[in-house]
Amino acid sequence: MKILITSLFFLSFNTFAQTAQEIIKKSDDARMPTGDLIFDVWVRDFKKRQLEKETRYKVWSKGTLMSLVDTVEPERQKGRKLLMINDDLWFITPDVKRPTRVSFQQRLTGEVSNGDLSRTNFSGDYNSTILSEEKFKGKDDVWVLKLEAARKGVTYSSIKYWVAKKGFLPLKAEFFAASGKLLKTAIYSKPLNILGAERMTSVLIQDAIQATNESIIHYSNHKREKIDESFFNKDSLAQ
Amino acid sequence: VKKSMRVFSIKTVLLSKSWLFVLAFLIGEVSANDQLETSKKKLKCNRGLLKVVTVGGVERYACVVGKKEKESLPELSPLNWQARWWGRFGLRPKGTPLIASNRYRAEGELDKGVAPWTKAVLGARITHDLMSNIQGDEFRDNYSRNGKPEFELWNAYLDFSRTNWRVRLGQQQVAWGEAFGFFYADIVNPKDLRERNLGKLADLRLPIPMASVQWSARSLNIQGIYVPFFRPDRMPTQPSDFFPESSSNFGLPPGIVLDTLQKHRIDDSQGDFGGRVSGTLGGVDMSVIYFNYIDRQAHYRPVSNFPIGNRFLLESHHNRVQSSGLTFSTELSGGVIVRSENVYTPKRKYNVMSMSGFSEDDYSQRVHVLGVDLPKWDKVQFSFQGSLDQLGGESDTLLRDKNVTIGSLMFRWDLPHDQEFFAIASVETKEMSSLIQSRYLYPISRHHEFETGVDLFSGKEDSFFGQVENASRIYIGLRGAFNG
């Protein structure tokens with residue numbers, strides 16, 4: 001009984017004393033599992049609410065610092081790849097057969113930047129602070145966090161981030177440029193049990209100025225598979 | 001709590017593969033920044049095998065000491081295929097008479113796992129060029145492919161890849177360098193220059209038989225290559241519009257046509273070798289290259305001192321050269337990418353007109369390229385590139401200027417509905433000759449896209465780009481791609 005009470009005390013203390021960085025870390029996990037992973041991504045781009053483009057990718061991810069995003073459809077663009085290793089990103093196209101360095105901020109498709117697909121962890125890239133605790137849409141208890149880029153080259157200069165206290169699920173993010181201008185907003189939805197935990201499987205990204213310009217990213221078919229580090233080699237992948 | 005968790009975790013591990021392990025203990029939770037964490041944990045787990053186990057929904061590192069798991073053979077990769085076709089209908093508005101130049105191409109590639117860690121790749125393509133004047137009379141003999149379908153075995157190799165090693169044997173492309181639009185540090189494969197540098201670089205880089213061995217760690221790649229057989233660049237021949245109108249340089253009388261024999265003579269034994277060490281350090285991609293090879297580009301010797309008929313015939317010769325170089329690229333603040341290539345090739349032979357007549361001389365070639373890619377502004381992106389190609393030698397060369405400086409501007413615009421427009425304007429600064437390439441792509445379906453564009457050469461008759469002015473064209477085309 002003593003042990004149980006002590007355990008409960010520590011557990012409850014833990015919940016209330018979450019640091020901002022711990023929240024971000026757990027919320028990262030609620031967006032995407034860590035470890036070796038293969039999954040599919042389906043991106044639909046809408047302009048003025050009209051579907052403009054659909055792209056399907058296959059993603060190989062090793063931890064949070066290595067990933068390969070391979071275009072599967074449309075077939076005329078098959079073979080275009082984005083390779084991320086640590087803080088470096090390359091674009092590989094069959095037209096050139098050579099990796100070309102690109103930035104995380106650069107637009108990949110619709111409202112989606114390269115970094116939105118290739119890099120899914122905020123905890124390693126941003127320093128965070130808790131701004132407030134509130135009810136999201138009058139329903140869920142959330143933390144509102146401010147994330148500041150920990151170094152140059154990350155996708156966004158700062159992020160305002162809403163994370164549900166229940167399950168650390170991300171609910172909303174606002175992405176800002178260095179000037180403080182709001183660039184776009186992301187709404188996370190469709191929590192599903194993926195590889196043993198509840199994780200968000202859909203992200204709606206809206207342009208800050210033209211809210212009718214939006215992209216929906218849908219994640220599916222998550223599989224754990226051992227991926228060798230050497231798989232993420234830009235020279236091998238290009239040739 | 002910690003103790004009970006540890007006992008539970010050890011039990012979980014032991015129960016899952018009980019015969020395999022002598023002892024397992026946990027050494028920490030898998031963090032989001034787990035690449036770094038992995039290295040730290042590996043230090044702590046120096047006597048065992050570091051594994052990730054899930055305990056109560058939380059991933060944790062377990063150090064497993066005991067009998068190692070036997071590595072199982074990987075499944076063979078399934079058969080994948082790609083098929084592409086392309087039809088282009090072009091018009092050359094600067095020549096007389098107006099010439100229609102059409103190209104039809106079909107290509108395919110298969111790859112399949114044939115043994116553990118090994119896949120076989122087989123690709124081929126067939127190209128048919130049809131030239132006619134605008135009235136529709138066909139010219140069968142005046143184009144690079146002689147009006148006949150040209151079959152080419154493309155990529156055809158065995159690829160063995162395991163842990164840090166990759167060995168590739170067979171007909172393949174090796175691409176080095178950082179530049180766009182032109183080949184500078186990209187020296188390994190010969191190039192199809194029958195239409196100068198028009199087209200995609202991967203289409204112009206001719207696959208050749210070679211052995212390539214690569215060893216790679218996360219940020220380091222070492223590649224060694226051996227090319228057993230010589231294959232030269234493919235150059236335009238008379239009367240292709242891409243054959244340079246530079247016969248005046250040779251002091252030939254009017255009516256005499258300069259031409260080259262298709263036979264290539266090499267002045268050394270065959271067998272090229274070289275390598276590349278590349279890596280990323282502090283956000284900078286760097287590579288050092290070295291290649292010892294029979295020069296893909298020719299210098300020429302006259303077959304006789306007099307024209308044969310109305311042709312002054314030249315024979316192509318190739319000598320051994322060594323190129324070494326350094327390339328780098330990095331991202332500056334704000335998403336600006338800087339790229340550079342620098343290649344040095346001593347003792348490269350170029351033709352000269354000396355007191356004794358048409359001959360050749362050794363030149364040291366230095367090429368420097370600097371490019372800047374600006375960040376995409378909304379859906380528009382600009383890139384700039386400047387190149388300086390210098391020949392160090394005493395006398396003036398015949399077929400090119402000693403110093404060639406080219407400035408290029410690339411513009412790319414992503415239009416709605418996946419349409420794309422891009423243009424490259426290149427200017428050779430000495431004679432101010434230029435090449436403007438632009439292309440607009442309109443997707444028709446998942447598989448097909450329509451294209452239209454121009455390739456416009458302009459400048460003086462003997463200038464770098466102007467000498468092939470008649471090859472300028474406007475075109476429309478249709479492309480298709482299928483995969484399975």
Side-chain angles (χ1 to χ4, degrees), chain A residues 3 6-7 10-11 24-25 28-29 33-35 47 52-53 62-66 72-79 85-90 93-107 109 121-124 152-153 178 196-197 228-236 238-239, chain B residues 1 30-35 38 52 54 57 59 82 161 163-166 168 172-178 180 186 200-202 205 214 216-219 221 223 278 280 283 285 329-331 333 335 337 339 373 375-376 378-379 381 414 416-418 443 446-449 479-483:
Chain A
I3 292 170
T6 317
S7 309
F10 277 115
L11 277 173
I24 298 299
K25 220 167 97 172
D28 280 346
D29 194 50
T34 51
K47 193 145 196 168
E52 191 172 79
K53 185 183 172 188
K62 189 171 183 69
T64 51
L65 297 178
M66 284 185 174
V72 177
E73 279 181 23
E75 295 191 42
R76 56 193 154 74
Q77 292 179 354
K78 191 172 163 65
I85 302 174
N86 300 328
D87 290 337
D88 303 304
L89 189 69
W90 297 273
T93 160
D95 292 355
V96 184
K97 285 204 173 217
R98 205 166 57 191
T100 308
R101 188 172 266 273
V102 290
S103 72
F104 286 95
Q105 300 92 333
Q106 189 167 303
R107 189 191 298 265
T109 176
N121 76 314
F122 288 156
S123 60
K152 65 171 190 174
D228 205 273
E229 259 187 34
S230 60
F231 175 77
F232 300 91
N233 182 284
K234 66 183 168 75
D235 296 293
S236 304
Q239 290 174 13
Chain B
V1 173
V30 178
S31 81
N33 198 8
D34 68 337
Q35 299 301 325
T38 307
V52 176
T54 306
E59 289 188 327
Q82 294 178 48
S161 178
T163 61
N164 299 79
W165 291 93
R166 163 162 277 178
R168 193 173 275 187
Q172 58 188 294
Q173 295 185 24
V174 167
W176 292 347
E178 299 280 352
F180 68 74
D186 195 338
K200 298 173 180 175
L201 295 188
R205 193 186 296 117
Q214 281 187 64
S216 55
R218 191 185 296 178
S219 57
N221 190 76
Q223 180 179 28
S278 59
T280 303
D285 299 336
S329 71
T330 190
E331 182 182 345
S333 59
I337 309 286
R339 301 171 281 104
D373 302 333
K376 224 174 194 175
D378 194 24
K379 293 183 174 180
Q381 188 179 22
D414 294 339
H417 298 286
D418 214 11
R446 270 171 47 195
H447 299 282
H448 293 99
E449 61 190 359
R479 289 175 184 273
F482 297 85
N483 306 283

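To find a chain, count down the sequence lines: A is the first, B the second, and so on, and within it residues start at 1.
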Looking only at heavy atoms, what is the nearest atom pair of B:Gly283 and A:Asp88, with distance? CA-OD1, 3.4 Å

OG1 on A:Thr100 to CD1 on B:Ile337, rounded to 0.5 Å: 9.5 Å

Of all of B:Ser161, B:Ser216, B:Pro375, which one pairs up most often with chain A through heavy atoms under 4.5 Å apart? B:Ser216

Which atoms of A:Asp87 come close to chain B, meaning under 4.5 Å heavy atom to heavy atom: side chain ones, backbone ones, both, or neither? neither

Whether B:Asp414 and A:Lys53 form a salt bridge (side-chain N of Lys/Arg under 4.0 Å from carboxylate O of Asp/Glu) is what I want to check. no

Flag side-chain contact, heavy atom, 4.5 Å: A:Asp235 against B:Gln223: no

Chain B contact via A:Val72 - side chain, backbone, both or neither, heavy atoms under 4.5 Å: neither

Evaluate the side-chain proximity of A:Arg76 to B:Asn483: yes if any heavy-atom separation is below 4.5 Å, no if none is. no

B:Glu331/A:Arg101 ion pair, N-O < 4.0 Å: no

Tell me, for B:Ser278 versus chain A, whether the close heavy atoms (under 4.5 Å) come from the side chain, the backbone, both or neither. side chain

Part of B:Gln82 lying under 4.5 Å from any heavy atom of chain A: neither

Closest approach of B:Glu178 to A:Pro99 (non-hydrogen atoms, all atoms of both residues): OE1-O, 4.4 Å

Interatomic spacing from CG in A:Asp95 to CZ in B:Phe180 - rounded to 0.5 Å: 14.5 Å

For B:Asn164 and A:Glu229, test the side chains for any donor-to-acceptor distance below 3.5 angstrom and give the result as yes or no. no

Would you mind checking which part of B:Ser329 comes under 4.5 Å of any heavy atom in chain A, side chain (CB onward), backbone (N, CA, C, O), both or neither? both

Are the side chains of A:Lys234 and B:Asn221 in contact, using a 4.5 Å heavy-atom criterion? no

Would you say A:Glu75's side chain and B:Arg446's backbone share a donor-acceptor pair under 3.5 angstrom? no

So which part of B:Arg479 gets closer than 4.5 Å to some heavy atom of chain A, the side chain, the backbone, both or neither? neither

Considering only heavy atoms and a distance below 4.5 Å, find which of A:Arg107, A:Gln106, A:Gln77, A:Lys78 pairs most often with chain B. A:Arg107

Could you go step by step and tell me if A:Lys97 and B:Asp186 meet the salt bridge (charged side-chain N to carboxylate O under 4.0 Å, His left out) rule? CA-CA 11 Å; A:Lys97 285 204 173 217; B:Asp186 195 338; over 6 Å; no

Nearest heavy-atom contact between A:Asn233 and B:Ala217 is ND2-O, 4.1 Å

Distance in Å, A:Asn86 CG paired with B:Ser219 OG, rounded so as to fall on 0.5 Å steps: 7.5 Å

Under 4.5 Å from any heavy atom of chain A, what part of B:Pro416 do you find: side chain, backbone, both or neither? both

Quick one: does A:Trp90's side chain get under 4.5 Å of B:Asp285's, heavy atoms only? yes

The reported gap from NE2 in B:His417 to CD in A:Glu52 (rounded to nearest 0.5 angstrom) is 4.5 Å

Sidechain-backbone polar pair: A:Ser230 side chain, B:Thr163 backbone, donor-acceptor under 3.5 Å: yes

With a 4.5 Å heavy-atom cut-off, do B:Leu201 and A:Arg98 have their side chains touching? yes

